[in-house]
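Starting from 1, each residue takes its place in the sequence as its number. Both backbone and side-chain heavy atoms feed into the values below; hydrogens, waters and symmetry mates do not.
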Amino acid sequence: MAFSDYRTALVTGASSGIGAATVRRLCAEGLTVHALARNAERLEELAAETGCKPHPVDVGDSAAVERLIDAIEIDVLVNNAGQSRRGNILDTTPEDVDALVDINLRAVLHLTRLVVPGMAQRNRGHVINVSSIAGHYAFPGGNTVYHATKAGVHSLSQQLRVDLFGKNVRVTEISPARVETEVFGRLLGDFAEAKRRFFDDYDSLQPEDLANAIAFVVDAPARMNVAFMEVLPTQQVVGGLNFAQRKTSTTS
């Protein structure tokens with residue numbers, strides 16, 4: 001299977017970053033791409049540029065997503081939409097927990113539930129889940145809930161391959177490290193400060209790098225399923241070990 005075997009794609013989180021780059025790449029390959037995001041103005045601009053089909057829908061609105069899926073047939077599903085928050089489980093809020101679980105995991109599960117049965121019936125399709133290295137590694141500065149939701153996406157990707165055993169439907173998890181997107185600006189509430197702190201002095205991944213990775217796995221021959229792809233900047237590594245010193249008590 002390759003681009004010539006597919007006709008349509010659905011990309012979530014399509015108004016910016018990895019999502020918008022993926023829409024451009026898949027449109028350039030001749031697919032009819034349905035671009036889903038909340039920002040209607042940006043989607044219209046992307047549609048004017050690429051010819052994609054814009055759908056200003058909140059991916060967390062399961063009823064609206066279901067109405068959309070009922071009206072179209074999807075060959076390639078790119079679950080890309082996601083959010084993050086500052087802090088960790090020690091200072092997170094109920095609202096942050098609910099928002100991250102709803103967008104990063106619940107929406108992915110619902111989209112998969114709605115789209116994959118049709119793929120299995122047609123015996124044709126490709127599901128691409130954009131996760132994060134946060135789903136595989138623990139590191140300082142990471143948001144605990146975000147890590148947990150991305151670990152859920154990883155587990156879903158693994159189990160989905162089992163569910164689709166014997167079907168000509170492929171499942172790929174793409175797990176990026178730092179990508180230069182607007183996410184960091186939203187976290188800080190200051191895009192200029194985020195650029196200075198996270199990107200100006202680093203050779204980070206660009207959204208187009210992930211779009212090209214997605215294009216690679218889609219265009220692979222039918223016999224080949226790239227099950228997992230971890231994509232990092234050349235100068236970024238994961239791992240390491242922290243060991244806190246034992247605290248000694250003092251008496252007066």
Handout entry: Under 3.5 Å side-chain donor-acceptor pair for N129 and N79
Key = yes
Exercise for the section: Report yes or no: do L111 and L36 belong to one cluster of Ile/Leu/Val/Met/Phe/Trp/Tyr joined by side chain heavy-atom distances under 4.5 Å? Expected result: yes
Handout entry: R42 side chain to A14 backbone, donor-acceptor under 3.5 Å
Key = no
Fill in the blank from the handout: All heavy atoms of S132 vs all of H136, minimum pair found to be O-CD2, 3.3 Å
Handout entry: Ring centres under 6.0 angstrom apart (H147, Y137)
Key = no
Practice task
Return yes if a side-chain donor-acceptor contact under 3.5 Å exists between N104 and T149, otherwise no.
Solution key: yes
Problem - Same apolar cluster (I L V M F W Y, side chains within < 4.5 Å links), L210/I133 - result: no
Practice task
Check the hydrophobic clustering (I, L, V, M, F, W, Y; side-chain heavy atoms under 4.5 Å; chains of links allowed) and say if F216 and V11 are grouped together.
Solution key: yes
Handout entry: Polar side-chain atom of T22 near backbone of I18 as donor-acceptor pair, under 3.5 Å
Key = yes
Handout entry: NE2-OG distance between H154 and S175, expressed to the nearest 0.5 angstrom
Key = 8.5 Å
Practice task
Assess the side chains of E173 and S131: does a donor N or O sit below 3.5 Å from an acceptor N or O?
Solution key: yes
Practice task
Measure from the side-chain N and O atoms of D75 to the backbone N and O of R7, and report whether any donor-acceptor pair falls under 3.5 Å.
Solution key: yes
Practice task
Find out if a path of hydrophobic residues (ILVMFWY) with successive side-chain heavy-atom gaps under 4.5 Å connects V130 to V231.
Solution key: yes
Problem - Residue pair S15 / A20: nearest heavy atoms and the distance that separates them - result: C-CB, 4.0 Å
Exercise for the section: Any chance you could lay out the side-chain contact (heavy atoms from CB on, under 4.5 Å) test for T172 and I174, step after step, and finish with the verdict? Expected result: CA-CA 6 Å; T172 299; I174 295 185; 3.8 Å; yes
Exercise for the section: May I ask you to say whether D5 pairs ionically with R124, meaning some side-chain N is under 4.0 Å from a carboxylate O? Expected result: no
Practice task
Compute the centroid of each ring, for H126 and then for F3, and state whether the two points are separated by less than 6.0 Å.
Solution key: no
Completion exercise
Between T112 and the options V153, L160, D163, V171, the side chain to side chain contact (heavy atoms under 4.5 Å, CB included) test singles out L160
Handout entry: Within 6.0 Å of CD in Q236, more than 12 heavy atoms from elsewhere
Key = yes
Practice task
For the pair E73 and R122, find out whether any cationic side-chain nitrogen is under 4.0 Å from an anionic carboxylate oxygen.
Solution key: yes
Completion exercise
Correct closest heavy-atom pair for E180 and S204 would be N-CB, 4.3 Å
Problem - Modelled atom types, side-chain donor and acceptor of R85 and Q83, under 3.5 Å - result: yes
Exercise for the section: Measure from NZ or CZ of R178 to the centre of the six-membered ring of F198, then state whether that distance is under 6.0 Å and the direction lies within 45° of the axis. Expected result: no
Problem - R196/D200 salt bridge by N-O under 4.0 Å criterion - result: no
Practice task
Report yes or no: do V57 and L46 belong to one cluster of Ile/Leu/Val/Met/Phe/Trp/Tyr joined by side chain heavy-atom distances under 4.5 Å?
Solution key: no
Exercise for the section: Supply the atom-to-atom distance I74 CD1 to L114 CG, rounded to the nearest 0.5 angstrom. Expected result: 11.0 Å
Exercise for the section: Could you tell me whether R38 atom CZ has more than 12 heavy atoms of other residues or ligands within 6.0 Å of it? Expected result: no
Practice task
Name all pairs fulfilling the side-chain hydrogen bond (donor to acceptor under 3.5 Å, both in side chains) condition that reach into residues 209-225, sequence neighbours left out, sorted by first residue then second.
Solution key: R25-N212
Practice task
Quick one: closest heavy-atom pair of M224 and V226, and the distance?
Solution key: CE-CG2, 3.7 Å
Exercise for the section: Search all heavy atoms of I103 against all heavy atoms of V59 and return the closest pair with its distance. Expected result: CD1-CG1, 3.9 Å
Exercise for the section: Start with the C-alpha distance between R24 and C52, add both sets of side-chain angles, then the distance that settles side-chain contact (heavy atoms from CB on, under 4.5 Å), and finish with yes or no. Expected result: CA-CA 8 Å; R24 293 185 181 98; C52 72; over 6 Å; no
Practice task
Using distance alone, with no hydrogens and no angle criterion, decide if H34 and T8 have a side-chain donor and acceptor under 3.5 Å apart.
Solution key: no
Problem - Interatomic distance, N168 atom CG to M119 atom CE [nearest 0.5 angstrom] - result: 12.0 Å
Handout entry: For the student: nearest non-hydrogen atoms of L105 and G152, plus distance
Key = CD1-C, 3.9 Å
Practice task
Using atom types as modelled and distance alone, determine if a side-chain donor or acceptor of T12 lies under 3.5 Å from a backbone N or O of N80.
Solution key: yes
Problem - From NE2 (H55) to CZ (R67), nearest 0.5 Å - result: 13.0 Å
Exercise for the section: With side-chain contact (heavy atoms from CB on, under 4.5 Å) as the test, would you mind laying out the steps for V108 and L156 before giving the verdict? Expected result: CA-CA 9 Å; V108 175; L156 165 65; 3.6 Å; yes
